[in-house]
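Notes follow the structure.
So that the names make sense, note that chain A is the first sequence line, chain B the second, and so on, each numbered from 1.
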There are 2 protein chains.
Amino acid sequence: MRVGKIARIGNRWLHKGMNGMTDSDGAKFKTVEPERRGQTSEEVVTQLRSMIHRGELRSGDRLPPERDLARLLGVSRPTLRAGIRSLSAVGVLESRQGAGTFVVKADESPVLDSSSLSLMASLHGFTSKEMFGARRALEMSIAGLAAEPGDQLASLAEEMAGMYASLDEPEEYLLHDMSFHQMVAAASGNRILTALMNMVAAVLLDARRKTVRRAHDLKESAEMHRKIYRAIRDRNPESARDAMRDHLLLAQKAQEAEVDWPGRGADQSQRKGAAEESA
Amino acid sequence: MRVGKIARIGNRWLHKGMNGMTDSDGAKFKTVEPERRGQTSEEVVTQLRSMIHRGELRSGDRLPPERDLARLLGVSRPTLRAGIRSLSAVGVLESRQGAGTFVVKADESPVLDSSSLSLMASLHGFTSKEMFGARRALEMSIAGLAAEPGDQLASLAEEMAGMYASLDEPEEYLLHDMSFHQMVAAASGNRILTALMNMVAAVLLDARRKTVRRAHDLKESAEMHRKIYRAIRDRNPESARDAMRDHLLLAQKAQEAEVDWPGRGADQSQRKGAAEESA
DNA sequence: TCGACACTTCTGGTCATACCTTTGACGGAT
DNA sequence: ATCCGTCAAAGGTATGACCAGAAGTGTCGA
């Protein structure tokens, strides 16, 4: 029936319209008192953060326009923008020019910004061993959880098929590879571990791209993934952990052999153009 | 006076001479290209991030004054400040009024901001089970690593003593408790896992405070810590993991019994004092 | 009547400028 | 030699204006 469709669309609009707060419910936003303990912009951050924790700001909500919100909070627009900027940097808010500022939507898997981890790696001189070690610890736990009774295996099997189908296309293989690990993480049922894994994996991703490009052992890699899949399918946590460990140890070995790690020389993050030195 | 885009771009180079900056500084910072389609402030972030990855900005370094740096990068001061703000929010830079802006120093254990995780918890409705599950996974791995041959046990033993000495002072016991886990993490030799653990633990800390306050089983808790310590001392990873798991499962049980989790009602992080009941 | 296009208006992004507050070092007074 | 006041430097905040992208609105033509 078209009732359903109309209702859904209407809901979206209603949602947007109602939560896009007009001046009428400005009572929600309390002006920051000139307590002046810390910096005013930090007080703005605290305000917004509290509103999120209290549930007054929900996923997908739109904040009032900056000019209005600044007036409501009793601060200037630059100060408000400083606060918004802070929360945007950690992935909680998102500003779009012309559209507004929104609380990041939550329907997708939560994402923790990995750039800070990447920067920490450079600043503290994190070793490849530590980075892979962290990933191994996370993914072994995840694999173990995924093997416990519960969820869907269909998407896992699907990615498996995709991997075998792209054994001669490293770039595409890598996509299925990543998806596979994402699916395992999703099957673990723990979104926090998933987010942390993504954080670490993102830092390692770029180097991995180079490794997989001239990889000759994709077959072997696919076999190991299948071993993981089977262990999960058979609900054998211990076996899943072992398989994941073996897989990641091999991946680490392959990567360390090819990449001149702890490379301070290259920007390891945010290299979007995957085809840079391939041509 | 309003002359449009071309004149504005020209302004960047034609304006005034670079007086006051040393040559070394001038060579380091390159102006951002105006042809970038992304946001200018993001370009600033990218610039600074690359300089850190390349090692041109090191831990503890001080950035040039905002007014000078803005000129060097060819952007306005507010735009530069937006970029600095982003990197400050993720814990990479730190600005002190009157002193300057510094790259965060690295001698101490790296810290990943936990406020984003805390906010994600509220936004996505993370359950207590997931949060504790993540911590358990992290700390079990850490305990296993710490039990492998290697490091110092002195500080661990020290914290053990402190715990037993403060069995009747919950607040102080908690401090030793936290220190103990930090020491175990340090002994694991993996600073990334340590940072991730701290992230999760920080979110759980506040609720834990309330739990430990009226705790009657501190003795039991201390015993479990000793079990962990012994396993690490005896270089028995499997035993260390088990002991850590048991300890955290008990802690979870105690905490879930007392705290009305997944409470959207309370601000779980950073409650320094003033924000809430200002009435 | 209906759809494509242009216009108006919001909204965030950037810029310039001015002033305040804090910091820290320099220099004079004790 | 020590202490303390002064002052320049540096970040923090405020104001106001304009730029650029997005969304909604209205008009015109098929």
Side-chain angles (χ1 to χ4, degrees), chain A residues 12-13 16-17 20-23 31-45 61-89 93-104, chain B residues 1-16 19-22 25 31-45 61-89 93-103:
Chain A
R12 191 179 302 168
W13 277 96
K16 200 172 182 180
M21 301 137 203
T22 56
D23 291 2
T31 70
V32 29
E33 283 311 315
E35 181 182 354
R36 283 310 224 206
R37 231 189 43 236
Q39 299 172 182
T40 313
S41 56
E42 278 309 313
E43 203 58 30
V44 172
V45 173
D61 280 0
R62 181 186 144 168
L63 269 62
E66 292 183 350
R67 293 163 178 85
D68 299 341
L69 184 51
R71 189 165 33 80
L72 289 171
L73 293 178
V75 301
S76 70
R77 199 179 153 212
T79 300
L80 170 67
R81 280 180 60 79
I84 290 177
R85 186 87 196 173
S86 284
L87 291 171
S88 301
L93 296 183
E94 184 180 346
S95 294
R96 293 199 298 273
Q97 185 175 173
T101 300
F102 303 82
V103 180
V104 93
Chain B
M1 191 56 188
R2 288 298 133 222
V3 275
K5 179 195 278 183
I6 296 179
R8 203 194 78 231
I9 295 177
N11 239 354
R12 293 177 178 171
W13 281 275
L14 294 181
H15 207 9
K16 30 197 124 173
N19 38 12
M21 290 306 300
T22 64
D25 278 342
T31 68
V32 355
E33 296 300 327
E35 65 212 48
R36 298 295 289 180
R37 283 298 165 263
Q39 298 174 184
T40 314
S41 57
E42 278 310 312
E43 199 58 27
V44 171
V45 173
D61 280 0
R62 184 185 135 169
L63 270 62
E66 292 183 349
R67 293 163 177 85
D68 298 339
L69 184 51
R71 217 172 47 231
L72 287 171
L73 294 178
V75 302
S76 71
R77 197 180 156 212
T79 300
L80 170 67
R81 280 180 60 79
I84 290 176
R85 185 89 196 172
S86 283
L87 291 171
S88 301
L93 296 183
E94 184 180 346
S95 293
R96 294 200 298 273
Q97 185 176 171
T101 300
F102 303 83
V103 180

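Put simply, CZ on A/R85 is 8 Å from P on C/dG13, counting in whole angstrom units. Counting to the nearest Å, the P atom of D/dG12 and the CZ atom of A/R81 are 16 Å from each other. Remark: P of C/dT14 and CD of A/Q97 are 8 Å apart, rounded to the nearest angstrom. Rounded to a whole Å, the CD1 atom of A/I84 is 9 Å from the C1' atom of C/dG12. In this structure, the CZ atom of A/R77 is 16 Å from the P atom of C/dA16, given to the nearest Å. The distance between atom CD of A/E43 and atom P of D/dG12, rounded to the nearest whole Å, is 16 Å. If you take CG of A/L93 and P of C/dT11, they are 17 Å apart, rounded to a whole angstrom. At whole-Å resolution of the value, CG in A/L69 and P in C/dG13 are 13 Å apart.
Considering only heavy atoms from C-beta on, B/S41 comes within 4.5 Å of A/R85 through its side chain.
Under the side chain to side chain contact (heavy atoms under 4.5 Å, CB included) rule, A/L80 has a single partner from A/L69, A/L63, A/D68, which is A/L69.
Distances from the side chain of A/R62 to the nucleotides D/dA14, C/dT11, C/dG13 place C/dT11 closest. In this structure, of D/dG11, D/dT13, C/dT23, it is D/dT13 that holds the atom nearest to the side chain of A/T40.
Between A/G98 and A/L80, the residue whose closest nucleotide on DNA chain D is further toward the 5' end is A/L80.
Residue B/T101 has a polar side-chain atom (N or O) positioned under 4.0 Å from OP1 or OP2 of D/dG11. Contact annotation: B/T79 side-chain N/O to C/dC15 OP1/OP2 distance is under 4.0 Å.
Looking at B/R67, its side chain comes within 3.5 Å of the base of D/dG11 through a donor and an acceptor atom.
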